[in-house]
Amino acid sequence: MTAVDLTTKIRDVLDFPQEGIVFKDLMPLIGDADAFRQAIDGLADWCRPRRPDVILGAEARGFIFGGALAYTLGCGFVPARKPGKLPWDTVQATYDLEYGTDTLEVHADAIREGDRVIVLDDVLATGGTAKAKVDLVESIGGIVVGAVFVVELTFLQGRDKLAGHDVHALVAY
Ligand code: AMP
């Protein structure tokens with residue numbers, strides 16, 4: 001199979017969801033069988049040697065990539081959700097976004113003490129979301145063994161918030 005240039009499947013949408021933001025729209029990539037498989041396989045190749053027990057991703061695009069990645073790796077998936085969506089006892093973290101603030105929750109029993117966890121998202125922007133996920137994992141006893149992204153917006157220096165952790169992105173801008 002010929003490699004797909006993933007950047008051809010990532011669309012820039014100007015001023016979404018608010019003025020001044022160049023939104024990286026990954027729907028064309030997800031909708032293309034070869035590009036989606038290549039992205040998941042690329043993420044899996046980086047994750048595999050880190051031997052994760054679970055992948056943690058947030059709604060909504062984190063579920064799409066995270067579910068496929070966990071299946072490929074043969075590990076579990078833990079969803080991080082907006083407040084009030086999860087039915088069991090939760091822990092939560094609030095964080096700053098490139099555009100606003102947000103809160104994420106996970107089930108308090110979703111990760112066992114000592115579980116090896118990789119946090120995932122479609123886009124690493126300022127790193128606030130990823131850092132919140134790292135904090136959630138660590139607050140319930142998990143060990144973060146990596147943070148993986150499809151796209152990294154390097155000019156926002158999100159990696160700085162993840163200092164001390166292994167970080168990888170398939171495509172950097
Ligand atoms: P951040 O916390 O700033 O790293 O933002 C990461 C989260 O916000 C991810 O879940 C992204 O989906 C979303 N996001 C932030 N900025 C962008 C952008 N320019 N394009 C697409 N998604 C973005």
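All ligand and atom numbering here is 1-based and tracks the order in the structure.
The closest heavy-atom contact to atom 7 (C) of ligand 1, among the options Leu104, Thr129, Val22, Leu26, comes from Thr129.
No N or O atom of Asp96 sits closer than 3.5 Å to an N or O atom of ligand 1. In terms of N/O distances under 3.5 Å, ligand 1 is approached by Asp121. Considering backbone and side-chain atoms together, Phe23 places no N or O closer than 3.5 Å to any N or O of ligand 1.
Residue contacts with ligand 1 for Asp122 involve side-chain atoms from C-beta outward but no N, CA, C or O (heavy atoms, distance under 4.0 Å).
Taking the six-membered ring for Trp and thresholds of 30 and 60 degrees, Trp46 and His168 have nearly parallel ring planes, at less than 30 degrees apart.
Lys133 places a side-chain N or O within donor-acceptor distance of the main-chain N or O of Leu120, the cut-off being under 3.5 Å.
Assignment of Gly127 to the shell around ligand 1 is supported, since a heavy atom sits closer than 4.0 Å.
The shortest distance between side-chain heavy atoms of Arg81 and Phe63 falls below 4.5 Å.
By the salt bridge (charged side-chain N to carboxylate O under 4.0 Å, His left out) test, Asp102 is found to be paired with Lys82, residues two or more places apart in sequence or in another chain being considered. Under the side chain to side chain donor-acceptor pair (under 3.5 Å) criterion, Asp12 pairs with Lys24, sequence neighbours left out.
If you number the atoms of ligand 1 from 1 as listed, the ones under 4.0 Å from a heavy atom of Lys24 come out as 18 (C), 20 (N), 21 (C). If you number the atoms of ligand 1 from 1 as listed, the ones under 4.0 Å from a heavy atom of Thr126 come out as 1 (P), 2 (O), 3 (O), 4 (O).
Aromatic ring centroids of Phe65 and Phe36 lie under 6.0 Å apart.
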